[in-house]
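Reviewing the structure listed below.
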Amino acid sequence: MTAHVMRAFCLALLIVGAALTTAADQPGRALLAKKLAEFKGAERGQIIPVTDEAAVRAFPAHSFYVLRFRQYPIAQMPPGKLTANNLFVVKPDGSVEHLADAAGLESFFRATLAPISTEGQARDAAMAWLRLTEEFHQDGFFEFLVPRDPIRVAATGTRGRQVTGKAEVNPQGGNTGEIVATLSFDQAGRLVNVSETANIKKGIRPICQATKLLDPDPVVRGMAEQAILVMGKAAKEYLTEQRMKASPELQQAIDRIWQRILQSASSPPRTSSLCEGDPRCRRRHPQELKMNKQAQNAALQSTRFAQQPT
């Protein structure tokens, strides 16, 4: 076997191996794609697998996916009966169900959740509910935290169980609130009722702030900078897209604001450039490394100037 053939053979094995790994991680994606073909325009949305451990324990034979249509800075109109955020479940028989709202999710839980017999199973059921129901409140900029310890399990007067937990909104970018859910089970461990309350407030969202970073009015410019800094790392995708179509001067301004975001973070991520890891951005702007270095130097000089004694 020649070296050329051997290299081709090894490359083929790597490609097949990667495909098998992806298939193992997301077994229902092909079935979901077939289902989404029923909705013209669904391909514009982003498919996000739900990999929550509690949901896997509660529904080991099911796969959950979110189809999300971007809402900011310009909303994408979802097709047909779809909404901005859609929850789908791929079942063991290969069918795919669209869970449109909390009522649909409750019907799925009632029909599918195995009878619970331990407190651990009750906690998993509550955590799975909270992880899935949060998608009905998501716009792509919320981060929900579901701590296991505060979930309370109590016996009922009918010898059943009642479990209560909450998903807290990570208070970043001005986001606040929580989702509180209570699941009630009868003596046989079957789910008989779900009650949920949500009190969630949106923080700052990207609209046109990046385009105002060079505004001649210092007040407008300052407001744009402050809004982006408040959004923090959640603004990365928005800034990247704006950078790809910006002038060289605006690109540098976007790079500078991104460096300020990283410097303000308690533990800056390894990715220090907006374009790092985004091949579209690198192709569009081959001078990325040079420009990013300039932005880093400018940010460093600004920081040193601010630290000088007056």
Side-chain angles (χ1 to χ4, degrees), residues 17-36 42-43 45-71 82-102 104-106 108-109 111-114 116 120-151 163 165-170 172 175 178-179 181 183 191 194 196 198 200 233-234 236-237 267 269-271 277-278:
L20 291 175
T21 300
T22 302
D25 291 341
Q26 302 173 359
R29 187 176 285 268
L31 294 170
L32 176 63
K34 184 177 180 180
K35 175 69 174 180
L36 295 181
E43 66 278 1
Q46 179 186 13
I47 298 175
I48 305 170
V50 179
T51 56
D52 182 75
E53 294 181 358
V56 172
R57 289 193 294 268
F59 303 100
H62 295 72
S63 300
F64 298 92
Y65 296 88
V66 174
L67 176 66
R68 182 173 299 161
F69 294 89
R70 186 174 59 186
Q71 299 183 47
L82 298 181
T83 60
N85 232 42
N86 304 271
L87 182 62
F88 288 89
V89 56
V90 180
K91 301 180 179 180
D93 62 0
S95 62
V96 181
E97 182 179 358
H98 178 206
L99 305 177
D101 49 29
L105 183 62
E106 181 175 353
F108 169 77
F109 265 61
T112 312
L113 184 65
I116 61 106
Q121 292 173 345
R123 292 177 185 273
D124 281 344
M127 293 179 69
W129 174 274
L130 289 168
R131 172 60 187 90
L132 296 171
T133 195
E134 76 183 42
E135 294 299 338
F136 301 127
H137 306 272
Q138 184 62 265
D139 66 355
F141 286 86
F142 285 112
E143 180 185 1
F144 291 90
L145 308 175
V146 184
R148 185 178 180 88
D149 291 341
I151 292 180
V163 53
K166 65 180 178 179
E168 302 173 346
V169 174
N170 189 3
Q172 291 184 349
N175 298 321
E178 63 182 17
I179 303 172
L183 283 68
L191 180 66
V194 178
E196 176 187 304
I200 298 173
K233 289 183 289 185
K236 184 178 189 298
E237 182 179 356
S267 55
R270 184 176 59 85
T271 300
D278 190 336

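On a predicted model such as this, the values are computed, not experimentally measured, just so you know.
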Hey, could you give me the CG/CD distance between L67 and E43, rounded to the nearest 0.5 Å? 10.0 Å

Less than 4.5 Å apart, any side-chain heavy atom of F136 and any of L105? yes

To the nearest 0.5 Å, atom CG of D52 lies from atom CG of L132 at 7.0 Å

What distance do E134 atom CD and E143 atom CD have between them, rounded to the nearest 0.5 Å? 9.5 Å

Quick one: does any side-chain atom of N85 pair with a main-chain N or O of E135 as donor and acceptor, under 3.5 Å? yes

Taking the six-membered ring for Trp and the single ring otherwise, decide whether the centroids of H62 and F108 are under 6.0 Å apart. yes

Testing the basics here: between P49 and R29, what is the closest heavy-atom pair and its distance to 0.1 Å? CD-NH2, 3.9 Å

In terms of heavy-atom contacts, does CD of E53 have more than 12 from other residues, nucleotides or ligands at under 6.0 Å? no

Tell me whether the rings of H98 and F88 are parallel (<30°), tilted (30 to 60°) or perpendicular (>60°). parallel

Counting distance only, does the side-chain N/O of Y65 pair as donor-acceptor with the main-chain N or O of I47 below 3.5 Å? no

So CG of N175 and CG of N170: to nearest 0.5 Å the spacing works out to 8.0 Å

Between the CZ atom in R131 and the CD1 atom in I179, the distance rounded to the nearest 0.5 Å is 10.5 Å

Under 4.0 Å between a side-chain nitrogen and a carboxylate oxygen: does that hold for K35 and E97? no

Tell me which one of E178, Q138, H137 satisfies side-chain contact (heavy atoms from CB on, under 4.5 Å) with I200. H137

What's the separation between atom CG in L36 and atom CG in L82, rounded to the nearest 0.5 Å? 7.5 Å

Is there side-chain contact between W129 and E106, with at least one heavy-atom pair below 4.5 Å? yes

